[in-house]
Amino acid sequence: MTDKTIFLETFSRLQPLAALNPDSQRELINQSSFEHFERNQDPFHDKRPSGQSAYLLRGELKLGYADGSSDVIVGGAGLALYPIGKRPPEIASAKAITDIDLVRINDKLLDIIMTWDQMALQADVQTSTQGAKQAMPDWRTLTGVNAGQNFANGAFAALPPAHIETLLKKFETVIVKRGEVIIREG
């Protein structure tokens with residue numbers, strides 16, 4: 001497994017991740033899959049980039065497209081700053097020219113975190129212009145059932161990211177003491 005901290009600077013330049021605040025970037029890093037491939041391997045042989053955004057962080061990768069064209073991308077620069085395979089033409093083949101490191105991010109989780117980050121920015125602007133009237137909870141500080149991974153894969157996974165703001169506005173933080181009963185059946 002690749003050490004995630006090595007790629008923090010490169011990760012923060014990836015598009016559209018560069019627009020996220022550092023807390024959101026860290027959340028994505030913690031939920032991402034980092035993989036290493038040896039020279040001449042095809043990183044998409046077993047896992048095509050369907051339902052995920054794959055980025056080349058280090059090394060050189062040759063991509064062959066269905067239309068017969070090809071590109072060589074270099075980790076952390078140029079085309080590698082954008083998700084591989086998310087733009088036409090369709091990838092027909094891939095081959096590592098050197099040893100490479102990739103990161104794969106679940107598209108649903110990325111969409112949710114992008115949405116939450118935008119909502120947090122809007123809430124910050126509203127709070128600064130209107131005072132602390134009814135500030136929406138900051139998703140970055142939520143834990144447990146409200147953690148980002150649970151919205152992507154848990155009970156709330158079917159909820160469209162655009163509706164998460166409505167849901168979060170209904171949440172209320174309640175301070176309780178250790179051992180205090182929170183829910184009682186019946």
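Just so it is clear, the model here is predicted, and its values are computed rather than measured. These numbers come from the heavy atoms of this one structure, side chains and all, not from hydrogens, waters or symmetry mates.
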I need the Ile84 CD1 to Arg104 CZ distance, nearest 0.5 Å. 8.5 Å
Checking the side chain of Glu35 only, and the main-chain atoms of Asp101 only, is there a donor and an acceptor separated by less than 3.5 Å? no
Same apolar cluster: Val103 and Leu81, side chain cutoff 4.5 Å: yes
Who passes side chain to side chain donor-acceptor pair (under 3.5 Å) against Arg13, sequence neighbours left out? none
So, taking the atom named OG in Ser24 and the one named CD1 in Ile29, what distance separates them when rounded to the nearest 0.5 Å? 11.0 Å
Using only atom types and a distance under 3.5 Å, with no angle test, would you say the side chain of Gln31 pairs donor to acceptor with the backbone of Leu28? no
pair Phe44-Leu102: side-chain heavy atoms closer than 4.5 Å: yes
Decide yes or no on side-chain contact (heavy atoms from CB on, under 4.5 Å) for Ser53 and Lys86, but give the supporting numbers first. CA-CA 8 Å; Ser53 293; Lys86 294 290 184 180; 3.6 Å; yes
Measure the shortest side-chain to side-chain distance between Leu79 and Leu63 over non-hydrogen atoms and say whether it is less than 4.5 angstrom. no
Compare all side-chain heavy atoms of Met114 with those of Pro16 and state whether any distance is below 4.5 angstrom. yes
Who pairs with Arg39 by side-chain contact (heavy atoms from CB on, under 4.5 Å), at least two apart in sequence or on another chain? Asp99
Summary of side-chain hydrogen bond (donor to acceptor under 3.5 Å, both in side chains) pairs that have at least one residue in residues 60-69, sequence neighbours excluded: Tyr65-Asp71, Asp67-Ser69
In Å and rounded to the nearest 0.5 Å, what is the CZ to NE2 distance from Arg58 to His36? 6.0 Å
Strictly distance-based, threshold 3.5 Å: is any side-chain N or O of Asp111 a donor or acceptor partner for the main-chain N or O of Asp107? no
Rounding to 0.5 Å, atoms OG (Ser70) and NZ (Lys95) come to a distance of 12.0 Å
Evaluate the side-chain proximity of Asn40 to Glu38: yes if any heavy-atom separation is below 4.5 Å, no if none is. no
Listed partners of Glu180 passing side chain to side chain donor-acceptor pair (under 3.5 Å), at least two apart: none
Do you reckon Val74 sits in the same ILVMFWY cluster as Ile100, going by side-chain contacts under 4.5 Å, direct or chained? no
I'd like to check Tyr82 versus Leu14 (side-chain heavy atoms, cut-off strictly below 4.5 Å). Are they in contact? no
Within this structure, what is the NE2-CZ distance for the pair His45 and Phe37, rounded to the nearest 0.5 Å? 11.0 Å
For the CD atom of Glu27 and the CD1 atom of Ile112, what is their distance to the nearest 0.5 Å? 10.5 Å
If you group Ile, Leu, Val, Met, Phe, Trp and Tyr whenever their side-chain heavy atoms sit less than 4.5 Å apart, what else falls in with Ile183? Val174, Val176, Ile182
Do the side chains of Leu61 and Val72 get nearer than 4.5 Å, heavy atoms only? no
